[in-house]
Structure formats: structure tokens, C-alpha cells
Amino acid sequence: MSEAFTTEQPLVVQLLLKRGLLKQEDLASVREALSKSGDTVENILLTLNLVTEADIATTYSEQLNIPLADLNNPLPTDKKMAEMISEAVCRENNFVPLCSEDDTIKVALVSPTDLRSFERIQLSTGLVAQPVIATYSMIDDAIGEIFGTRDIVKEIALEEKVQNTEQSKENSSDDVEEIVNLDHPIPKGRDSQVIRLVNHILSSAVENKASDIHIEPFEKSVKVRFRIDGELNEISPPPRPMYVPMISRLKILAKMDIAERRVPQDGAIALKVGDKRIDLRVNTVPTVFGEKMVMRILSKGVIPTDLTKLGFSQKQADDFKAAAESPHGLLLVTGPTGSGKSTTLYSVLNMINKPDVNIMTIEDPVEYKFEGMNQVHVRSQVGLTFAAALRAFLRQDPDIIMVGEVRDQETAQICLRAALTGHMVFSTLHTNDALAAINRLSDMGVEKFLLASALRVVEAQRLVRRLCPKCKEKYQIDADTAKKWHLDPEKEYYRIKGCEDCRGIGYSGRVGLFEVIAVTAKLRDMISEGAPLNELRAQARREKYMLILDAGLQKVQEGLTSLEEVLSTCMEEAEEDEGEEVKEDAVLEETIATVSK
């Protein structure tokens, strides 16, 4: 044994060499492991299988004349004292208190050479520590008995959280999300007027339940408009000189480049109003008089997990949910822009979002962020398209794939292939009704017999304004109109009036009209054979599925909206009610005029 080694190496190595429990040829591997690892020397010796736990314990005890615990029996611990010291300290230092007497405390530990352990014990208890040698296993068992089974992942997470907290105090990160609290007082200074104006616009939009904010520059003026219940409403505009600083303030909040005014930009703002969190999706487009900015207001609170709260009938909700819970297949949601397709998909995804389901979405953009879903934002400029992401998803072991929109043949083909190979695929299309999605996909090059095999449900939707519950008035519909739209002329219906609560419009909020058609065996055969759209619609009616117009007329009978609103929203569907086309628009206009009298 070299003298240099015995004086430079840890005490336990020297003691084990002295007792002949550690061999000279083992020293090189011990030295190498010590240089590479930050672990204790006792753990390294055990990992290399050079000695046993009992060898280390008895060596420490005999060579340093320290009492040895009974290695054949569990340690007699002091639970109250252990809780006082804390689980983290006991686990980190590999010790456990046994008993206390007067101003001393007996502590079982592995290495009596770690002076920090004694300092921690004295600081935690105010008592002088008396060591008792034990093995790692005995101490682990004792700590587990007191504090429960060890959760390594949780301990690492807690340690990481502490480190991140300490680092955040020293360094500020640009990635930290800034939440704008509209309730905070505005600091005094040169920019206070701009901040006050921006906060006023944002808080007014939230208060009026707007879905979008439009800020539009013109040569000598600025317009600010809110989209409320689908209709744009202009509010008092700011002075033209305040337009540039106002846009700059909003671009800073949205983390956009304030110096770039030549190209469109996207950003996001997080707001806090009271206890409510609201996200804004921000987009700018350069116009001849400056940048037009539109902010989409997003609130997770508007996404229910009960589809009937969106306007689905109970049967529609059951059919839609049953299809969504299928092990594989294709579920399509159709409708025009702004009809709430994303909200419907998020609602059903929330219902089936469970720890045992791998949900992956590709969206443009990601409007709502949810725990438990793997959401990907399209970035076409770097090659991350819908199709590219879908190809990658298929190698990510997904159960459910949500594609924001099927825009091209490649995306459609990959969606279909995924649906036919054991995955459930959700997506959206821009079509006038549910069954028109079949022709749309066929036009993209999808074979109808493959589509028939993959499709589980096709759904279409519209949003109509809801009658103000405080001022809507009853009226009796005339017999001709009732007959035309299959309504009961004896029943009382409602129409708009207008009051302060609805700002004289007569409507407050919106409700969805839905057309949910499950692809039955008969429909599947007809799709595969290439049946025309009107025959598919007729078959859906024979199978008692409610089409968009039917859903609207049901909402009229329930007093939720007016006949005028339904007919104006479902114009094309109204023209083909039950296959009987209304050939003259004047007839429909006369009906609407009759209702609105």
C-alpha cells in the first residue's frame, strides 16, 4: 500500500485497506470513480461491489470506537424528532434520529466523517449529536417507515424548483410570460395616457363580451370596433396622433417587433381581469395608412365539457361523443369561419383528455393551451406544415390526432391513412353542411370507398344570436309562414324588442345550431357508391338526423332565437328544406319581412 494513497484518500478507504477488506488492485477503479462521480465514497464502494454495507459499518465502528446498531433488526427511531429535523434533511444526509436524552440526541448514520450532518442536526434540534453507525439499507427503511415510500421524481422536481427560484432572483428571463393586470393602478409618467387608453379598450372589450377588437388607421382618423355576438360595433375612437403609440404599446405587450411595419406579424397577450385569465391572439397587417391590428379574445372559461351547453341536443351530443371515443376513424367538423369549430373540438377533447390517452394536435395557430394535450403550432416558413407534423405524429404513438384544418390533398390523404391504421383523427373543413364534406374531400383526391370506411361522424354548425332574455317579446306567427317552415301556428314565438341590457339590439350572446350525422351502414354504402349529395341528405332525414335548418327551427320553438335570425343564417339550407327548393328569393325576403313586423 502506497503511503501517498493512504494519506490522500478518504478515511473509509484507508480503514478498509488496513482491515484487508479492500484490495490494492481495487484502488485504481475507486480513484477513477471518485474523479468522475459526485457521489459519496461509501456509495461508490458499494456500487463497485468491492465491499458490503456491513463491512463499512463494522469498520467505522471498530476503528473509530463508535457504537454499532444491531444490523439484524430495524432501527428504533424517534418519529417526532425526525419530523422536527424534516424528511429532506434526513434523506439528503443519510441519517435518522434514534432517541434524545437531556441535551443529546442519538443519530444513526452511515459516515461519521460528514461534519455537515452534525451541524444540521444541532441547528434543527438544538441538541448535541451522538453518532451510531448503521447501514444505508437500515436508514432507508427507517426513513420510509417514518415518512413513507421515497418518491425520487418528486424530490428531483422539488430540488429543481428551488434552484430555478434562486436563479430567477438573480437573472430575469425573456421567456417568462408577462400577464397584464388591468386592475393595477397606472404609474404616472410620459406614457400614462397611452397605457390608460390601451387598458380602457381592453377592459371595455372584455366587459362587453367581445370576441374581437379591430384597430384600423385611416388618413385622418382611427376606428376601434368590437365584434359582439358576430356583429361589429364601433366605439369612441382615440385621436389620430395617439394611434402610433397605442399600436406600439400593444405590440410590446404582444412581444412583436415594433420597428417592423412592412409585413404582417403575430403575437399574444395575457390579461388578468379580477381573478379571470384572458388570452389575446394578436395580428397586424400593413395598410396604406398604417398597421391594422386585430385581437382575438380567448377565454378557456367559454369551453364547456358538456356539449349540450353549446347548443347540441342530447342525441347529437351522445352521437358526437360516441364517435369521439371510437378507437379509430375520422371525425369532421364543418362550417364557415367564426362558427365555433375550434370550440367544439376543444370541448370534446377536454371530455376525453385522460392520462391514458395520448392526444396530439397540429393547429394554426394554437388558440387555447391545455394540460395533457401535446399541441403543435404550424410554422410553414421552417417546413412545419400540417402534413409534415402529421407524418411525425404517426411516429409518436398517438391515440387521438387533431388537425386544425384539412387544406390540401396531402393533409387529407395522411389524415385518412391515420384513421384507417388505428388512430382517431379529428379535423375541420370549410363546407356549407356536414355531408358536403364528402364531396370536398373527394375533390381533394380522396377515394370515396376509403372515406366511407374511415368516417365516423360529420358535423356542421352555425352560430345565431340569442334573443335578449330581458326584453324579447311574444308574438303570433302568421299561418302561411308557419306552414312554410313547419311551425305550429297556435304556439307563441319570440322576436326582438331592445333594451338597455342588450344596447337596443334585441340580442345578447349566441347559441350554436348543429347538424350531427353519424355514418350508418346505409350511409356508408351510399358514400362508397358515390351517391349525390341530395340523396345523402334525404337518407339522413329518413334516419331522423336533425339538419342545420331543423336545429334552427327547434331553437325558434324553444324561444332562444328568432325565425328571422335563423333564416338569415341558414339561407342556403332554407332554400332546400326537405328537398323542396325555394326558387325565388323574393318569397324568402317576404317571409323575413313578415316575421320582423
Side-chain angles (χ1 to χ4, degrees), residues 9-13 15 33-34 36-48 51-61 63-170:
Q9 294 304 316
L11 178 62
V12 67
V13 173
L15 296 177
L34 281 169
K36 292 181 179 179
S37 172
D39 208 346
T40 65
V41 65
E42 291 85 2
N43 262 336
I44 287 171
L45 291 169
L46 294 172
T47 302
L48 294 173
V51 293
T52 65
E53 288 188 318
D55 289 338
I56 295 173
T58 54
T59 297
Y60 269 136
S61 177
Q63 296 296 316
L64 301 180
N65 198 26
I66 298 173
L68 179 66
D70 183 354
L71 301 184
N72 298 317
N73 290 300
L75 291 169
T77 57
D78 187 333
K79 184 175 181 180
K80 184 176 180 182
M81 194 63 69
E83 290 173 346
M84 180 188 297
I85 295 172
S86 84
E87 178 183 1
V89 173
C90 290
R91 289 195 188 278
E92 183 182 345
N93 296 278
N94 291 304
F95 66 69
V96 63
L98 302 178
C99 62
S100 59
E101 185 177 349
D102 297 331
D103 60 346
T104 62
I105 179 172
K106 284 188 178 181
V107 182
L109 40 71
V110 174
S111 173
T113 61
D114 187 358
L115 300 179
R116 291 180 307 167
S117 298
F118 294 99
E119 291 175 1
R120 285 199 161 188
I121 295 165
Q122 190 161 351
L123 286 171
S124 300
T125 65
L127 304 175
V128 177
Q130 291 185 350
V132 174
I133 302 299
T135 65
Y136 276 114
S137 299
M138 294 171 69
I139 291 172
D140 276 346
D141 290 344
I143 292 175
E145 185 69 28
I146 296 169
F147 298 108
T149 305
R150 186 175 192 182
D151 188 340
I152 299 294
V153 174
K154 184 178 179 182
E155 289 178 31
I156 294 171
L158 288 172
E159 184 179 345
E160 183 71 15
K161 183 178 179 182
V162 170
Q163 290 177 358
N164 289 342
T165 303
E166 291 173 354
Q167 289 175 4
S168 66
K169 292 177 181 177
E170 299 174 2

For residues Met138 and Thr135, report the shortest heavy-atom separation together with the two atoms involved. CG-OG1, 3.1 Å
Enter the distance from Gln63:CD to Thr58:OG1 here, rounded to the nearest 0.5 Å. 9.5 Å
Among pairs that include at least one residue of residues 71-82, which meet side chain to side chain donor-acceptor pair (under 3.5 Å), considering only residues two or more places apart or in two chains? Asp70-Asn73
Taking atom CD as the centre, does Glu145 end up with more than 12 heavy-atom neighbours from other residues, nucleotides or ligands that are less than 6.0 angstrom away? no
Of the options Ile121, Val132, Ile143, which is the one that meets Phe95 in a side chain to side chain contact (heavy atoms under 4.5 Å, CB included)? Ile121
When you look at Leu45 and Asp55, which way does the side-chain contact (heavy atoms from CB on, under 4.5 Å) test go after all the steps? CA-CA 11 Å; Leu45 291 169; Asp55 289 338; over 6 Å; no
Approximate separation, where rounding is to 0.5 Å, of Thr113 OG1 and Leu64 CG: 8.5 Å
Any side-chain heavy atom of Tyr136 within less than 4.5 Å of one from Ile56? no
In Å, rounded to the nearest 0.5 Å, how long is the span from CD1 of Ile66 to CG of Leu109? 8.0 Å
When rounded to the nearest 0.5 angstrom, what distance separates OG1 in Thr125 from CD1 in Ile105? 5.0 Å
Quick one: closest heavy-atom pair of Ala108 and Leu75, and the distance? CB-CD1, 3.8 Å
Answer whether the closest heavy-atom distance between the side chains of Val12 and Ser111 falls below 4.5 Å. no
So, for Ile133 and Ala57, which heavy atoms are closest and what is the spacing to 0.1 Å? CG2-O, 3.4 Å
State, yes or no, whether a side-chain contact exists between Pro131 and Phe118 at a heavy-atom distance under 4.5 Å. yes
Would Met81 and Leu127 count as a side-chain contact (heavy atoms from CB on, under 4.5 Å) here? Give the steps. CA-CA 11 Å; Met81 194 63 69; Leu127 304 175; 4.3 Å; yes
From Cys90 SG over to Glu83 CD, what is the distance, rounded to the nearest 0.5 angstrom? 10.0 Å
Which heavy atom in Pro97 sits nearest to a heavy atom in Ile85, and how many Å separate them? CG-CD1, 4.0 Å
N/O donor-acceptor pair under 3.5 Å between Glu53 side chain and Ser137 backbone: yes
Looking at CG of Asn43 and CG of Asn94, how far apart are the two atoms once the value is rounded to the nearest 0.5 Å? 7.0 Å
